[in-house]
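Each chain gets a letter, A, B and so on, in the order its sequence line appears, and its residues count up from 1.
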Number of protein chains: 2
Amino acid sequence: MKKYTIKDIAKLAGVSKGTVDRVIHKRGKVSKKALDKVTKLLEEIDYQPNLIARSLKNTKNYHICVIQPNPEIDPYWQPCIDGVNQAINEYKSFGITIDSYFFNHADTYSFLEVNKDVLKQQPDAVLITPVFHKESVEVIKKYNANNIIVSTINDPLELNGITNYVGQDLLQSGRIAASLMEMIVPKNKEIIIIHLDEVFNNSIHMQLKEKGFKNYLEQVSNNNYTLKTYSFQQADLDKELPNLLNKSNNISGVFVTTSKVYSVAKIIKNFTDLDIKIIGYDLLDENIKYLKSNAIDFLIHQNPKHQSYLCITQLAEHFLFDKKIPKQKLLPIDIVNSENFDGYTNN
Amino acid sequence: MKKYTIKDIAKLAGVSKGTVDRVIHKRGKVSKKALDKVTKLLEEIDYQPNLIARSLKNTKNYHICVIQPNPEIDPYWQPCIDGVNQAINEYKSFGITIDSYFFNHADTYSFLEVNKDVLKQQPDAVLITPVFHKESVEVIKKYNANNIIVSTINDPLELNGITNYVGQDLLQSGRIAASLMEMIVPKNKEIIIIHLDEVFNNSIHMQLKEKGFKNYLEQVSNNNYTLKTYSFQQADLDKELPNLLNKSNNISGVFVTTSKVYSVAKIIKNFTDLDIKIIGYDLLDENIKYLKSNAIDFLIHQNPKHQSYLCITQLAEHFLFDKKIPKQKLLPIDIVNSENFDGYTNN
DNA sequence: AACAATTATGTGTTCGTACACATTTTTTGT
DNA sequence: ACAAAAAATGTGTACGAACACATAATTGTT
């Protein structure tokens with residue numbers, strides 16, 4: 001399969017490469033005759049421009065800023081950095097520079113401050129994790145006004161000003177947790193949902209997970225379980241959870257909607273006479289530890305590393321090769337147990 | 001962050017770009033003085049060659065041949081084509097052409113014939129699915145003798161002449177099946193392993209899966225189950241399996257080591273008085289159907305699409321940007337149930 | 001010291017595309 | 001019919017790296 005170049009087409013059409021160029025880029029100033037001839041030829045041979053040559057010509061330097069919670073405060077976000085770093089390595093030779101900015105995921109003010117800094121930089125794109133719903137809407141408007149591309153990961157946010165979202169279907173994620181719970185918890189038992197350590201109202205992901213979880217149990221499992229929901233700050237968990245367990249001896253399943261599930265497992269494993277199944281989120285080292293010892297039964301993997309990596313990839317290929325960015329990319333929701341976690345942590 | 005070019009470095013070092021070029025490529029014929037100066041400079045500014053420019057210069061056309069079982073005979077292999085097609089689309093503008101060749105996965109002769117054809121083509125690389133152990137070893141030697149890169153997917157094969165393997169850890173895959181089985185099948189029941197439709201001795205993947213399955217139940221589950229193994233051709237299944245079920249009324253779990261699990265589910269669902277859990281492989285439409293209706297409990301996803309796509313990606317980036325190809329890439333082993341299959345089929 | 005042989009260094013072209021600029025052809029107005 | 005304006009077409013150069021080739025500097029030989 002021969003590769004045709006602009007020069008080849010020019011010769012075949014009996015015109016100059018300048019004319020072919022004008023046709024390809026619709027710059028006008030071409031006679032109808034020449035336009036028809038070249039257009040037809042382009043179609044016939046299915047001309048594919050050499051993207052490498054094109055990219056070389058456009059030797060701009062693109063700048064992407066990543067804004068995410070500080071992984072030193074919440075280790076869930078560490079893989080995000082790993083994904084970003086992988087992308088940096090991959091694209092540094094292509095004229096794409098990426099800077100990371102961190103905020104405190106429990107402090108909306110720090111989020112706003114960091115975004116202010118980034119805005120000053122006037123990058124070509126920002127990749128943000130909109131964990132705070134209200135504040136995110138606010139800053140995204142500013143980026144839009146400055147013609148800065150806004151990519152989001154991890155937390156879905158319905159907003160026109162967002163170019164793309166890479167993450168999961170969080171409602172479905174809750175359903176999956178419920179389907180697993182149903183398999184391992186006997187009927188007529190009590191299952192509790194625990195939201196840990198985040199402000200429920202401003203955090204859409206916990207709401208969606210809870211909704212999905214209940215949704216499944218209602219529709220598929222015909223309400224065979226007693227369901228209760230609790231929101232705790234981690235500091236209070238040590239008192240509150242034992243209280244709950246002592247009060248009701250019917251609790252057989254716990255669904256934790258965040259990566260802090262290890263702190264729940266830690267408490268429950270001391271109640272050795274109870275058989276309580278635990279399902280939670282994310283492959284933190286601490287969680288894996290309890291997964292291995294079967295104190296946690298399933299973890300749902302949100303794949304933050306792949307989220308950030310993929311999102312940057314989409315931006316980079318857009319800048320370099322003019323690929324269009326899909327509005328939404330939903331990653332598979334991985335079910336992880338003590339036997340298959342390895343494949344998800346080792347890359 | 002400024003991007004330095006060879007020209008920049010030449011100017012900074014007070015030499016010509018030719019000299020810088022010779023230093024970078026160690027072509028010799030450079031005075032010690034110039035060498036030291038340029039080397040130091042290269043280190044200082046951490047020179048990264050512009051891979052796009054480099055790639056443009058080497059405007060070779062690379063040719064990859066993909067050899068896989070005909071998906072019209074076994075639909076498991078269809079996603080493989082999808083992955084290849086995705087890669088074709090992605091790389092056709094970069095001067096990489098990919099051709100697909102099919103053989104009958106039940107006919108070693110057709111495999112050898114196809115490989116003979118491909119060898120004549122003298123491609124730069126072949127991507128093969130070594131489903132036949134013995135014959136694969138044979139053809140790989142020939143490719144090696146012709147300096148053709150050999151990539152493998154799906155079936156592991158210990159051999160020096162192989163450049164890389166993209167696939168799964170099949171022993172672990174069996175263990176995962178066992179761990180799930182243990183969760184949903186009560187103790188002291190009988191579990192049977194069924195190998196379907198392939199010649200066991202020449203097919204390493206079924207052996208590994210069985211070994212892993214048994215391995216887990218022995219080590220972790222202390223042989224709480226009665227285990228039996230059967231090898232059937234699909235044609236005989238309709239007689240043999242009902243026989244088995246009628247004889248023993250203790251069978252509560254079936255592990256099918258291939259994608260043909262739907263044909264087992266089809267038979268078992270007629271035995272409405274039995275509660276038999278089924279675990280098998282791969283997201284064939286037919287399998288998904290039974291998964292949705294909970295006739296199949298879990299499927300293990302081998303992700304053939306991603307296998308082929310990723311493998312070609314590795315080859316392409318090697319040819320285009322001189323990236324080194326990792327000897328082995330083990331994909332995560334996805335656990336799929338009726339709630340999360342969607343994320344794996346929709347991309 | 002003169003010249004060849006060797007070694008070091010510099011120059012120019014190519015890859016395919018994009019775009020600025022130069023040149024030619026056609027159209028318009030008088 | 002002819003100049004001027006407008007439209008169409010052609011030409012040349014840059015992007016950054018790679019490499020062939022030309023030229024310059026050094027070394028060795030008599």
Side-chain angles (χ1 to χ4, degrees), chain A residues 1-39 41-42 45-62 91-96 319-323, chain B residues 1-39 41-42 45-62 91-96 319-323:
Chain A
M1 195 178 84
K2 179 157 168 38
K3 287 248 77 190
Y4 289 93
T5 70
I6 284 185
K7 225 165 108 187
D8 295 329
I9 291 162
K11 196 184 285 177
L12 285 170
V15 297
S16 74
K17 63 199 175 96
T19 301
V20 175
D21 178 72
R22 276 179 285 266
V23 172
I24 289 173
H25 293 91
K26 295 177 184 138
R27 289 196 229 279
K29 310 206 168 183
V30 178
S31 67
K32 208 183 300 169
K33 210 177 97 187
L35 185 110
D36 289 348
K37 201 167 193 174
V38 173
T39 307
L41 212 49
L42 286 174
I45 64 175
D46 184 29
Y47 169 71
Q48 300 287 343
N50 183 320
L51 296 184
I52 290 184
R54 176 176 288 178
S55 172
L56 176 62
K57 195 66 188 40
N58 295 337
T59 182
K60 254 180 269 175
N61 233 300
Y62 295 94
Y91 290 106
K92 69 179 168 188
S93 311
F94 292 88
I96 288 186
F319 289 140
L320 294 175
F321 305 123
D322 208 33
K323 290 215 178 128
Chain B
M1 196 178 84
K2 178 157 170 36
K3 287 249 76 190
Y4 289 92
T5 71
I6 284 186
K7 223 164 110 189
D8 295 330
I9 292 162
K11 196 183 284 176
L12 286 170
V15 298
S16 75
K17 63 199 176 95
T19 302
V20 175
D21 179 71
R22 276 179 286 266
V23 172
I24 289 172
H25 292 92
K26 295 177 184 139
R27 291 196 228 277
K29 311 208 167 179
V30 177
S31 67
K32 208 183 300 171
K33 210 177 97 187
L35 186 111
D36 289 348
K37 201 166 191 176
V38 172
T39 308
L41 213 49
L42 285 173
I45 64 174
D46 183 30
Y47 170 70
Q48 301 286 343
N50 183 321
L51 297 184
I52 289 183
R54 176 178 288 177
S55 172
L56 177 61
K57 192 65 189 44
N58 296 336
T59 182
K60 254 181 268 173
N61 234 298
Y62 294 95
Y91 290 107
K92 68 179 169 187
S93 312
F94 292 88
I96 287 184
F319 289 138
L320 293 175
F321 305 123
D322 208 32
K323 289 212 180 133

(request) Report the distance from atom NZ of Lys7(A) to atom C1' of dG10(D), rounded to the nearest whole Å. (result) 15 Å
(message) What is the separation between atom NZ on Lys29(A) and atom C1' on dC19(C), rounded to the nearest whole Å?
(response) 13 Å
(request) Please report, rounded to the nearest Å, how far the C1' atom of dA17(D) is from the OH atom of Tyr4(B). (result) 19 Å
(message) Can you see if the side chain of Tyr47(A) gets near the phosphate of dT17(C) - specifically, an N or O under 4.0 Å from OP1 or OP2?
(response) yes
(message) What's the closest nucleotide to the side chain of Ala34(B) if the choices are dG16(C), dT9(C), dA18(D)?
(response) dT9(C)
(request) For Ile52(B) and dA18(D), give me the distance from atom CD1 to atom P, rounded to whole Å. (result) 14 Å
(request) Mind calculating the distance between CD (Gln48(A)) and P (dT17(C)) to the nearest angstrom? (result) 11 Å
(message) If the cut-off is 4.0 Å, is Ser16(A) near the phosphate of dG10(D), judged by side-chain N/O to OP1 or OP2?
(response) yes
(request) Find the distance Arg27(A):CZ to dC21(C):C1' and express it as a whole number of Å. (result) 14 Å
(request) Tell me what Ile6(B) touches on the nucleic acid: a base, only sugar-phosphate, or nothing, going by heavy atoms under 4.0 Å. (result) sugar-phosphate
(message) Under a 3.5 Å distance rule, please check whether Thr19(B) uses its side chain to pair with a backbone N or O of Val15(B) as donor and acceptor.
(response) no
(request) Return the value, rounded to whole Å, for the distance between atom CG of Asp21(B) and atom C1' of dG12(C). (result) 13 Å
(message) Students often get this wrong, so: under 4.0 angstrom with heavy atoms, is Arg22(A) touching a base, only sugar-phosphate, or nothing?
(response) base
(message) Heavy atoms only, 4.0 Å cut-off, all strands: where does Asn50(A) land among base, sugar-phosphate and nothing?
(response) sugar-phosphate
(request) Find the distance Leu56(B):CG to dT17(C):C1' and express it as a whole number of Å. (result) 9 Å
(message) Tell me whether the side-chain N or O atoms of Lys17(B) pair up with the base of dG12(C) as donor and acceptor below 3.5 Å, since no angle test is needed here.
(response) yes
(message) Looking at dT9(C), I'd like to know if its phosphate oxygens (OP1 or OP2) sit under 4.0 Å from a side-chain N or O belonging to Ser31(B).
(response) yes
(message) Regarding Arg27(B) and Asp21(B), does a basic nitrogen lie under 4.0 Å from an acidic carboxylate oxygen?
(response) yes
